[in-house]
Number of protein chains: 2
Amino acid sequence: MRPSKRDELVQNALTIFYREGFHAAGMDLLSAETGISKTTMFKHFRSKEDLILAVLKLRDEQFRTWLFSRMEEAETPKGQLLALFDALGEWFAEPEFRSCMFIKAASEYPDPAHPIHAQAAEHKRLLFGQVEKITAQAGADDPAALARMLLLLKEGAIVTAHLGHEKDPAKDAKAAAAALLSGLPG
Amino acid sequence: MRPSKRDELVQNALTIFYREGFHAAGMDLLSAETGISKTTMFKHFRSKEDLILAVLKLRDEQFRTWLFSRMEEAETPKGQLLALFDALGEWFAEPEFRSCMFIKAASEYPDPAHPIHAQAAEHKRLLFGQVEKITAQAGADDPAALARMLLLLKEGAIVTAHLGHEKDPAKDAKAAAAALLSGLPG
DNA sequence: GACTTTATTTACCGATCGGTACATTTACGA
DNA sequence: TCGTAAATGTACCGATCGGTAAATAAAGTC
C-alpha cells in the first residue's frame, strides 16, 4: 500500500509548517514545495485549518511513538524516565530542531478554545497519561505529581533548547529529574 | 512628561500581539484598535519588524522588573527563588494569560538568526543572569547549574499553564524547585 | 473499451498583507 | 501670531492571503 497523495501532503506540510510556522507558510508555498496543486490540496482538506489539524494528528502519533520506543530501551521504570531526557538530547542536536510543534501551535493560536490549540493540548494530555503509567511502575508515592514535574522539565528543556543560550538543556533536565527520582528504587 | 504617542503605540501593540500573535495581528488591526493611524505608526517605525522589536524590548523590561520586585519581597535568597514560582502562579491566574511573549516570538520566528528570535533569546539570557546571582547568594555548589534547572521549571510551567490540562503548574514547579533547593540553608 | 475517480493546469475571486503619497489639520514653542 | 513639527484621513500600491471554477489529463475498475 503506497502512501497516498494525501499522506504525502500531510507529511510534507508537517515539515514546512514546523520549519516556517503556521501563519508564515501559506497554501501557495505548500503547493510549490510539495508539488501538489492547490486544487488537490483543497479537495483533501476543506480549509487550511483542517490540514493543520491533520498535521498535528500525524505529529502526535509520530512523536509519541518515537519517544516511548526510545524510553522502552531502558529496563527499569526509573531508567525509562531518565531515558526520556537522553532522547530529548538527541532531538535537540538535530539541525532541523525548531522546538515542539504543539508549543508552536499554541503560540500561534493562543485562544484555548480554538480547535488547533485544543488539539495541541490533547497531545500533552496523552503524553502525560503515558508518563504517569511509568512513574506508577517506578513506585512513586504520587505518580501523577511526579509525572507532572518531569514533564515540566521536558517542556522547559524544549523551549530552552530552541530559545536559550544554554549548551545542553537536556542534560540539565536529566540532572534535575534524577534529583526528583532519587528516592525511588532502580 | 506624558507618555508619548510612540509609547502608547508600543504598549497597545504589546497587548494586541500578546493576545492575537505576531503574524495574526496586522498593521491595519493595530491601527484600528489603538486609534493611531497607519501613517503615524510607520513614521515611528520603519517596519512591522521594528515595531515588534520595540514591543519585545518593553516587555523584557516590564517582565523582569515585575518578577524580581516580587521575588525581593522574600528575605532569604532561597525564599526569593521559591517566590519566583508564587509570582508565576499569580500570573497564570490572570484571565488574559497567554503564555510567554518571548516563547511566542520564537515560535513565530523559528530561525534563530532572525532578529526577533535573537532578541527573545536575549531576554532569557538576562533573566538567567539575575537568577544566577541569587542562586550564588543562596550558597549553591554550582549556582549556574541550579539557575538553569530552576529556569527549566519556570519555562515548563509557563508552557503547561498555557497549553496543558493541569490545574496549577506553578505549584508543581515550586514543589520540584523545593526539592532541588533542599540542601541549601534558609 | 466505457466509466468513474483522482489529479492536473490555469486563471481567477475578494480580502487582507505590509507599506506609501499627499494633502490637511492639530498643537506647541518662539 | 507666526512657523514648524506632529498627527491625521483617505486613498492607493503590488503582493499575497485562503479558497474556487472549469476544463483537461491520467489512472484504475468493471
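Just so it is clear, the values below take in all heavy atoms, side chains as well, and ignore hydrogens, waters and symmetry mates. Given the structure is predicted, the values throughout are model-derived calculations rather than measurements. Sequence lines set the chain letters: A, B, ... in the order given, protein chains first and strands last, and positions in each chain run from 1.
A straight line from NE2 of H23(A) to P of dT16(C) spans 14 Å, rounded to a whole angstrom. Here dT20(D) presents its C1' atom at 18 Å from CZ of F45(A), a figure rounded to the nearest Å. For the pair L30(B) CG and dG19(C) P, the interatomic distance rounds to 12 Å; values are reported in whole Å. We find that CD of E20(A) is positioned 11 Å from P of dC17(D), with the value rounded to whole Å. For the pair M27(A) CE and dT16(C) P, the computed distance is 19 Å after rounding to whole Å. Spacing between atom CE of M41(B) and atom C1' of dG9(D) amounts to 15 Å, rounded to whole angstrom units. For the pair F42(B) CZ and dA21(C) P, the computed distance is 12 Å after rounding to whole Å. In this entry the distance linking NZ of K48(B) with C1' of dT16(C) reads 11 Å, nearest Å.
A cation-pi arrangement, defined by a distance under 6.0 Å to the six-membered ring centre and an angle within 45 degrees of its axis, is present between K104(A) and Y18(A).
Each of K174(B), K154(B), K171(B) was checked for a side-chain contact (heavy atoms from CB on, under 4.5 Å) with L88(B), and the lone residue meeting it is K154(B).
Look at H44(A) and you won't find any side-chain N or O under 4.0 angstrom from OP1 or OP2 of dT6(C). When the side-chain nitrogen and oxygen atoms of T40(B) are compared with OP1 and OP2 of dT8(D), one or more of them lie within a distance under 4.0 Å.
For D28(A) and I36(B), each mapped to the nucleotide of DNA chain D holding its nearest heavy atom, the one lying further toward the 5' end belongs to I36(B). Taking the nucleotide of DNA chain D with the nearest heavy atom to each of K38(A) and S37(B), the more 5' of the two is matched to S37(B).
Distance from the side chain of K43(B) is smallest for dA7(D) among the nucleotides dG9(D), dA7(D), dG19(D). With distances taken from any side-chain atom of T39(B) to the nucleotides dA22(D), dT8(D), dG19(D), the minimum falls on dT8(D).
Ring geometry for Y109(B) against H23(B) counts as parallel: the plane angle stays under 30°, on a 0 to 90° scale with 60° as the upper cut.
At a threshold of 4.0 Å, the pair E61(B)-R64(B) does not count as salt-bridged, since none of the basic side-chain nitrogens sits closer than that to a carboxylate oxygen.
The distance from the NZ atom of K48(A) to the CD1 atom of I116(A) is 8.5 Å, given to the nearest 0.5 Å.
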